[in-house]
There are 2 protein chains.
Amino acid sequence: MTFKRTNPLALAVLALLSERPMHPYEMAQTMRERHQEEVIKLNYGSLYTVVESLRGHELITASAVQKAGNRPERTVYAVTAAGTAELHDWLRDLIAVPAKEYPRFEAGISLVGLLPPADALELVQQREAAVGEQLAALAVLLEKLAGMGLPQLAWIELDYRMAVLRAERAWLAWFATATREGTVGGYDDWEDRHR
Amino acid sequence: MTFKRTNPLALAVLALLSERPMHPYEMAQTMRERHQEEVIKLNYGSLYTVVESLRGHELITASAVQKAGNRPERTVYAVTAAGTAELHDWLRDLIAVPAKEYPRFEAGISLVGLLPPADALELVQQREAAVGEQLAALAVLLEKLAGMGLPQLAWIELDYRMAVLRAERAWLAWFATATREGTVGGYDDWEDRHR
DNA sequence: CAGCCTATACTCGGCACCGGATATACGGGA
DNA sequence: TCCCGTATATCCGGTGCCGAGTATAGGCTG
């Protein structure tokens, strides 16, 4: 059976091990330090599952079992040639091919007609504010990272996220206005249904 | 135990049943017809799991068991008062509070430094083209829906998605240019690592 | 040096989810 | 009337994922 590219955490593991051998807990620490868990969901339970799966497919191997002091044993893993190939190929796919995803907001906004227009307006404005705060937080983070001397390429994904968030905020602002002024298509019917 | 809002398919079920009672298969059909499965992932296996879970939490009830002709029995469900409350509350949350999500492209682009710049450029351009095609397809779909006399509110989520996709396309175009011209921060180092 | 908190390192049971299997009914062509 | 493809309707076994639990070591405080 060929390896299934479900959990992106496996991608992170391959990427980390392509730097140097590590044991799972160290991978988690490194991901934290580098703010990688912002982009790839990290969960201890999943980490060990994923590592074991990668080992099963011989994309990584247990290269050593250390025993420092009286701590629990820790297994250090290293990436194999097949693992490196998988990493690169997966990466290419992730970048070149847009995957079908299901953002939760799309699900929510598609049913917004079920709520009264006045409520909808308030909720959308709340989201607009929240997105604004996220943007501000990202700006601060970028400042910090740049101040540490990290090049733009090291936080390129944050750059991307900011671009998307700005678009979302703009759309929310438009929708709020259109709702407030009743210019969104189908508004009259919408209001009628809620009185 | 309170109901866990994991699978958005449960939201779709509540929304459909708030129109009129249905049996699971009919829900699936209706979702298809309305292009709802574009926004909410539909899977027959999950559908029955989710319906059973909703029933267990008494958010819906089995209102009848039909037996038309000699077909398999079909259980028709109806939403309860608690179910309607849950639907509205969940909806409010989805709209007002941005959820932490992990788009796969972010994971990919965050590791783009592992690929040679020339390859990265090509991949990003491929994605840009693909996103362009998605936008074109959405425009066609919008045209069709509007032609059928549906108001904007009925396909508001597509409007949102187009806004986000346009932002993504613009960002990809920027990144492609910055890579081609070597103006992305850290480019020299990037190129050095790949020779 | 007792006591407590945090960091280290992993384990495990449960469950939601998914893909594919199952089984019957219906309609249309040869 | 036989056959086959499609529509109807549901079920189920496997698996990946997650959160919470476990256990020891080291460090800090009074």
Side-chain angles (χ1 to χ4, degrees), chain A residues 1-13 16 21-33 37 40-57 59-60 62 64-77 99-102 104 107, chain B residues 1-13 16-17 21-33 37 40-57 59-60 62-77 99-102 104 107:
Chain A
M1 265 276 270
T2 156
F3 178 72
K4 275 184 187 170
R5 295 167 179 176
T6 47
N7 198 339
L9 188 53
L11 185 80
V13 168
L16 288 166
M22 289 188 198
H23 54 97
Y25 193 80
E26 191 182 358
M27 298 175 201
Q29 298 306 308
T30 314
M31 284 185 70
R32 291 250 151 92
E33 277 170 27
E37 49 158 1
I40 295 176
K41 188 151 163 196
L42 169 60
N43 180 306
Y44 280 82
S46 310
L47 179 59
Y48 288 86
T49 310
V50 151
V51 163
E52 182 50 30
S53 162
L54 286 170
R55 202 193 54 74
H57 288 86
L59 301 175
I60 64 177
V65 175
Q66 294 182 354
K67 178 128 181 162
N70 218 347
R71 298 269 187 75
E73 291 184 346
R74 19 179 232 189
T75 310
V76 175
Y77 295 88
K100 174 127 201 79
E101 283 174 290
Y102 298 85
R104 321 198 22 172
Chain B
M1 262 281 269
T2 157
F3 177 72
K4 274 185 189 169
R5 294 167 178 176
T6 47
N7 198 340
L9 187 54
L11 185 81
V13 168
L16 288 166
L17 292 187
M22 291 187 196
H23 55 96
Y25 192 80
E26 191 183 357
M27 300 176 202
Q29 298 307 308
T30 314
M31 284 186 69
R32 291 251 152 92
E33 275 170 30
E37 49 158 1
I40 293 177
K41 189 152 164 193
L42 169 60
N43 180 305
Y44 279 81
S46 311
L47 180 58
Y48 288 85
T49 312
V50 150
V51 164
E52 182 49 30
S53 162
L54 285 170
R55 202 194 53 74
H57 288 86
L59 301 175
I60 64 177
S63 71
V65 175
Q66 295 182 352
K67 178 126 182 165
N70 219 346
R71 297 268 186 74
E73 289 185 346
R74 22 179 227 189
T75 311
V76 175
Y77 296 88
K100 175 126 198 82
E101 284 175 289
Y102 298 85
R104 324 203 15 167

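Order of the sequence lines sets the chain letters (A, B, ...), proteins ahead of strands, with each chain counted from 1.
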Considering residues at least two apart in sequence or located in another chain, which fulfil the salt bridge (charged side-chain N to carboxylate O under 4.0 Å, His left out) criterion with R32(B)?
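Listed in chain order: E37(B).
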I'd like a list of close polar pairs between nucleotides 19-22 of chain C and the protein, N/O only, cut-off under 3.5 Å.
residue, atom, partner, partner atom, Å
dG19(C), OP2, N43(B), ND2, 2.5

Could you state the atom-to-atom distance from [atom1] of [X] to [atom2] of [N] in whole Å?
| X | N | atom1 | atom2 | value |
| --- | --- | --- | --- | --- |
| L42(B) | dC17(C) | CG | C1' | 13 Å |
| Q29(A) | dA7(C) | CD | P | 9 Å |
| I40(A) | dC18(D) | CD1 | P | 13 Å |
| K4(A) | dC17(C) | NZ | P | 17 Å |
| Y48(A) | dC10(C) | OH | C1' | 5 Å |
| F3(B) | dA16(C) | CZ | C1' | 11 Å |
| M22(A) | dA9(C) | CE | P | 13 Å |

Taking dC10(C), dT10(D), dC17(D) as options, the one with an atom nearest any side-chain atom of H23(B) is dT10(D)
Between the axis at one end of the helix from dC1(C)-dG30(D) to dA30(C)-dT1(D) and the axis at the other (five pairs apiece), what's the angle to 10 degrees?
10°
Once you apply a heavy-atom cut-off of 4.0 Å, does T6(A) come out as touching a base, just sugar-phosphate, or nothing?
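If one applies the 4.0 Å heavy-atom cut-off, T6(A) turns out to touch the sugar-phosphate alone, with no base involved.
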Nearest-nucleotide comparison on DNA chain D, the residue closer to the 5′ end among T49(B) and Y25(B)
Y25(B)
Tell me whether K100(B) at atom NZ has more than 12 heavy atoms from other residues, nucleotides or ligands lying less than 6.0 Å away.
yes
Would you say the side-chain atoms of Y48(B) and E52(B) include a donor-acceptor pair closer than 3.5 Å?
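No, because no side-chain N or O of Y48(B) sits under 3.5 Å from a partner of the opposite role on E52(B).
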